[in-house]
Amino acid sequence: MVDTLVCSETELADGKMRLIQAGQAEIAVIRKDGRYYAYENLCPHQGGPACEGVLMPAVRDVIGAGGIYRGQQFDEAEMHIVCPWHGYEFRLSDGRHAVASGLGLRRFEAFVREGSVYVRA
Amino acid sequence: MDDRVGGAGQEDQGFDTSKLLKNAARQRDERNYDDFLIIDVDSHHYETEAFREIAGYIRDPVLRNEALYQGAGSGGITSELGNYQSMAGRVTRYPGRRKEKTPVAPHRDITLMRRWMDAMGVDIACMFPTPMLNLASCQRIDVQVGLATAYNQWLCERILAEDSRLKSMLYLPLHSPSACEEIIAEFADRKGVIGFMVTAPHYASVYDNAYAKSYAALQERGLPLAFHAGFPSGDQALKLTNRFIGLHALGFPWFNMIHMTNWIINGMSERFPQLKTIWIESGLAWIPFLMQRLDNEFMMRTSDAPLLKRLPSEYMQEMFYSSQPMERVRNAKALEVTFEMINAPSQLLYSSDYPHWDMDLPSTIYDLPFLDEVAKRNILGENARKLFKLGNELSDTKLARRQARGGER
Ligand code: FES
C-alpha cells in the first residue's frame with residue numbers, strides 16, 4: 001500500500017473531484033459535505049469514466065397512505081455517483097450500485113493528513 | 001444544489017468527445033482493434049445543429065421559408081416523453097455536445113463523428129439523423145417528403161462526399177410511396193450511400209403493393225432496406241407509459257415487431273428473395289420471442305401465410321440485425337441462445353448508436369465469452385463489409401498508429 005498525495009484540502013472544493021493515477025488505476029477523489037471518498041474511475045458496466053459525471057441525490061417515489069402516488073423527491077441523504085456514459089448510479093457512501101449491490105466501483109481509502117488529501121492504494 | 005447540474009466533475013474544461021471516451025480508447029488498444037476492421041452500422045448525429053443548412057436544401061421555396069422560420073427544435077417538458085433521454089443531465093454528452101469545439105473545416109458533423117469513431121476503434125460508420133427519426137409522426141406528408149429529400153441531399157453533398165469513412169442508409173418517407181421511388185432513383189448511386197432506411201414507427205403496412213416498385217429497385221441494385229426502430233410518443237398504446245424507460249423499452253422493439261410480422265406473413269421474403277433487410281436498434285431479445293410466436297402459430301394457420309415455404313424463424317435467420325442495445329441479462333444463457341437463434345456469426349452487425357444514451361462499445365461484442373475470435377470479428381466488421389460490399393481498408397488513424405508501432409500498414 002502506498003499513500004499518494006492528491007492535493008491540499010483547500011484545492012478540492014466541496015462537491016468536486018480530483019483524478020490521480022496510482023499504478024494502473026485511475027482514482028477519483030470526491031469531497032462531499034466534508035468527507036472524502038475514493039473510487040476507481042472505471043465503471044463495471046462498459047468501462048466508462050464513472051466518476052467524471054454528475055453527483056445526484058437518489059430519486060424516491062413518494063407513496064402515501066393506501067398506496068397513493070404522491071410524486072417524487074430527491075433523497076439528499078443518499079448521494080449517487082452517476083456514470084456519464086449510460087447513467088449507472090453508484091452510492092457515494094460505499095460505491096455500490098444503487099440497486100444491484102453485487103456491482104460496484106473499486107473503493108480506496110482517502111484521508112487527510114496535515115492539511116493534505118491522500119489516497120491509499 | 002448545483003451538483004445536479006454541475007456534477008462532481010473537475011473544474012469546467014468544456015466538453016471533448018475524445019476525453020469522454022478515453023476509456024474506450026484504452027479498450028481499443030488493449031483489445032488490438034488496430035488489427036482488424038470495425039464497422040458500426042447504426043450511429044447518429046444531431047442534424048438539428050445543421051438545420052439551417054439542411055433547410056437550404058428544401059426544394060419547395062414556401063416550405064423552405066417555413067422551415068427556416070420555425071426551425072426544428074424540440075419543445076420543453078410538456079412536449080413529449082422523449083425529451084429527457086439524457087436523464088436530466090446525468091448522461092453528460094447531451095448537454096456537453098453544444099460546448100464541444102470543432103475547427104471550421106471539415107464540417108462539424110464530420111469532426112464529431114471521427115472523434116468518437118477513433119476513440120472506439122471504429123473504421124467505418126453508417127450514420128443516421130436523430131430528431132428526424134420522428135419525422136414520420138408529422139401529419140403533413142409534404143413536409144415529410146420535403147425534409148427527407150433535403151436531408152438526404154445535404155447528407156450526400158456535405159458529409160458523405162467529404163469523408164469515405166462515413167456512410168448512410170438514406171431516409172425513405174414511407175408515407176409517400178412515389179417519393180420513396182424518386183429518392184431511391186436520385187440518390188442510390190451517390191458516394192457513401194449503402195442502402196435505404198425506414199424509421200419503423202410508420203403507420204403504414206410494409207406489404208402494401210404501393211411499395212413494390214421501391215423494393216424491386218433496391219433488390220435490383222443490391223441495396224439493403226433497413227428498419228430503424230423509434231418510439232412515437234404520440235402512439236395511443238405507448239401514451240399509457242409515463243416514464244421514458246417504459247416508452248423506450250417497449251416502443252423500440254414494438255414497431256419493428258409489427259413490420260417484421262407483416263413482412264414474414266405476407267411472404268415478402270419470397271416476393272423479393274434477393275432484397276436484404278436489416279432490423280436496427282430494437283435490441284435482440286425480441287427476435288427469439290417473435291420467432292417462437294410466429295413458428296407456433298404458423299404451424300396451425302399455414303393458410304394465413306400461403307407464400308411461406310419454410311417456418312417464419314427460418315426466414316428471420318437469414319435477415320440481418322444490428323446489435324445495440326444488446327440486453328445484459330441476469331441469465332447469460334439467454335443471450336447465448338439468442339445468438340444461436342439468429343445465426344449471429346453471419347447475421348449480426350455491430351452497432352454503437354453513439355452518441356445516444358444507451359450506446360454500446362465494441363467491447364460489448366468483443367468480450368462475450370461464448371464467441372471465438374472469428375465470430376467476434378465477423379460481427380464487429382466482416383458481416384457488414386460483405387453485406388454493404390465495402391473495402392477492408394483500416395481507418396487512417398489506425399494505419400498511422402500501426403505504422404508508428406513499426407507494424408505493417
Ligand atoms: S459504462 Fe458506466 S454506465 Fe455504462
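Proteins get letters first, then strands, A, B, ... in listed order; numbering begins at 1 in each. Being a predicted model, the structure only gives us computed values, none of them experimental. Scope of the values below: all heavy atoms of this structure, side chains included, with no hydrogens, waters or symmetry mates.
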* **More than 12 heavy atoms from other groups under 6.0 Å of CH2 on B:W116** => yes
* To do: Would you mind checking which part of B:D360 comes under 4.5 Å of any heavy atom in chain A, side chain (CB onward), backbone (N, CA, C, O), both or neither?
  => both
* So does B:E327 have more than 12 non-hydrogen atoms from other groups sitting under 6.0 Å from CD? -> yes
* To do: Take B:M87 and A:V59 through the test side-chain contact (heavy atoms from CB on, under 4.5 Å) and record every step on the way to the result.
  => CA-CA 12 Å; B:M87 293 182 277; A:V59 172; over 6 Å; no
* Asked: Of B:V91, B:D358, B:L361, which is the lone residue that meets side-chain contact (heavy atoms from CB on, under 4.5 Å) with A:W85?
  -> B:L361
* Structure fact -> In terms of heavy-atom contacts, A:F74 and B:R90 come closest through CE2-NH2, 4.2 Å
* **Validation row: A:Q46, B:R328 side chains within 4.5 angstrom (heavy atoms)** => yes
* What option among A:H80, A:Q72, A:R31 has the most heavy-atom pairs under 4.5 Å with chain B? -> A:Q72
* Asked: Do you know which of A:G87, A:A28, A:P49 has the most heavy-atom pairs under 4.5 Å to chain B?
  -> A:P49
* First locate atom CZ of B:R93, then atom NE2 of A:H86, and finally report the distance between them rounded to the nearest 0.5 Å. => 6.0 Å
* Neighbour count above 12 (heavy atom, 6.0 Å) for A:Q24 CD -> no
* Structure fact -> On a heavy-atom basis, the closest approach of A:N41 and B:N23 is O-ND2, 3.5 Å
* Asked: Contact part of A:C43 toward chain B, heavy-atom cut-off under 4.5 Å: side chain, backbone, both or neither?
  -> neither
* Asked: Taking atom CD1 of A:I63 as the centre, does the number of heavy atoms from other residues, nucleotides or ligands within less than 6.0 Å exceed 12?
  -> yes
* To do: Could you tell me whether the side chain of A:E26 reaches within less than 4.5 Å of the side chain of B:K22, counting heavy atoms only?
  => yes
